[in-house]
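Here is the structure we will look at.
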Amino acid sequence: MVMDAPQAVGRFSLMENGSLTVREASVFDRGTYLCKVSTEYGTSVMTVPVIVIAYPPRITSEPAPVIYARLGNSVKLNCMAIGIPKAEITWELPDKSHLTTGAQSRLYGNKFLHPQGSLVIQQSTQRDAGFYKCTAKNILGSDSKTTYIHIF
């Protein structure tokens, strides 16, 4: 693509001062960009190599494979991940329903989901026993961990 005047084409914007902006850059935007300036005195060309750093998510803080909790107590399940772009974290609960992180903390019944991915089960009951699966996902891939909660 060639842009020769201040304009915007899709995610690319060429400014009046010659700056090029790429919104929502991905690994596919990597490469060598060429800036060419022509005046009555001649032409000047500059190349700019661009590297876009991105990697699939990896869970860095996870719950133990098995957790034992007393009836009525709170249980905290950690699930934090690194990845570029930032990974979205989803929990699959024993009933196969899914909870997804957002910008704010969320309360679903007796379950509290933190924006970074931690899930807290408040005042646990027998219905809270079972498998919990945490999945971190971005455009490049995913990582998941599963734990089983016993309530006694």
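Between S142 and T135, the shortest heavy-atom contact is CB-CG2, 4.2 Å. Of all heavy-atom pairs between G102 and P115, the closest is O-CB, 3.3 Å. Looking at every heavy atom in both residues, N78 comes nearest to P63 through O-CD, 2.8 Å. Closest approach of D143 to P57, counting heavy atoms only: CB-O, 3.6 Å. Nearest heavy atom pair, residue S74 against residue Q123, reads OG-N, 4.0 Å. Shown here for T21 and M15, the closest heavy-atom pair between the two residues is OG1-CE, 3.5 Å.
Between the side chains of N73 and S124, no donor N or O sits under 3.5 Å from an acceptor N or O.
Considering CD1 of I67 and NE2 of H150, their distance stands at 10.5 Å, rounded to 0.5 Å. Considering OH of Y55 and CD1 of I82, their distance stands at 4.5 Å, rounded to 0.5 Å. In this structure, CZ in F28 is found 6.5 Å from CD1 in I139, a value given to the nearest 0.5 Å. A distance of 6.0 Å separates OG of S13 from CE of M3, quoted to the nearest 0.5 Å. Rounded to the nearest 0.5 Å, atoms CG (L119) and NE2 (H114) are 12.0 Å apart.
Cluster note: L107 groups with F112, V120 through ILVMFWY side-chain heavy atoms spaced under 4.5 Å, whether in direct contact or through intervening members. Annotation for V66: hydrophobic cluster partners, listed by chain and number, are Y68, F152 (ILVMFWY side-chain heavy atoms under 4.5 Å, direct or chained).
By the ring-ring contact (aromatic ring centres under 6.0 Å, His included) test, F131 pairs with Y148, sequence neighbours left out. Applying the ring-ring contact (aromatic ring centres under 6.0 Å, His included) rule to F12 yields no partners; only residues at least two apart in sequence or on another chain are considered.
Contact annotation: the side chain of V22 never approaches that of V52 to less than 4.5 Å [non-hydrogen atoms, C-beta and beyond]. Residues C35 and V48 fail the side-chain proximity criterion, which asks for heavy atoms closer than 4.5 Å. Under the 4.5 Å side-chain criterion, counting only non-hydrogen atoms from C-beta, I51 is not in contact with R30.
Pairs of residues two or more places apart, or lying in two chains, that qualify as disulfide (SG to SG under 2.5 Å) and include a residue from residues 44-152 are C79-C134. Applying the side-chain hydrogen bond (donor to acceptor under 3.5 Å, both in side chains) definition to pairs two or more places apart or across chains, those involving residues 98-111 are T90-T100, E92-H98, R106-Y108, N110-D128, K111-D128.
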Exercise. Could you give me the CA-CA distance, side-chain angles and deciding distance for Y132 and T146, then say whether side chain to side chain contact (heavy atoms under 4.5 Å, CB included) is met?
Key: CA-CA 6 Å; Y132 288 77; T146 302; over 6 Å; no
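Heavy-atom contacts from other residues, nucleotides or ligands closer than 6.0 Å to CD of E24 number 12 or fewer. Environment of CZ in R23: crowded, with over 12 heavy atoms of neighbouring residues, nucleotides or ligands closer than 6.0 Å. Counting non-hydrogen atoms of other residues, nucleotides and ligands closer than 6.0 Å to CD of E16 gives a total of 12 or fewer. Within a 6.0 Å sphere centred on CZ of R11, other residues, nucleotides and ligands contribute more than 12 heavy atoms. Annotation: L71, atom CG; neighbour count of heavy atoms from other residues, nucleotides and ligands within 6.0 Å is above 12.
Cluster annotation: L77 is connected to L99 through the hydrophobic network of ILVMFWY side chains, with a link wherever side-chain heavy atoms come within less than 4.5 Å. One hydrophobic cluster, built from ILVMFWY side chains closer than 4.5 Å, holds both L93 and L113. Residue L34 is not grouped with residue M1 when hydrophobic side chains (ILVMFWY) are merged at heavy-atom distances under 4.5 angstrom, including chains of intermediate members. Hydrophobic clustering, with ILVMFWY side chains joined whenever heavy atoms are under 4.5 angstrom apart, keeps I59 apart from W91.
The closest donor-acceptor contact from the side chain of S44 to the backbone of V37 lies at 3.5 Å or more, if one exists at all.
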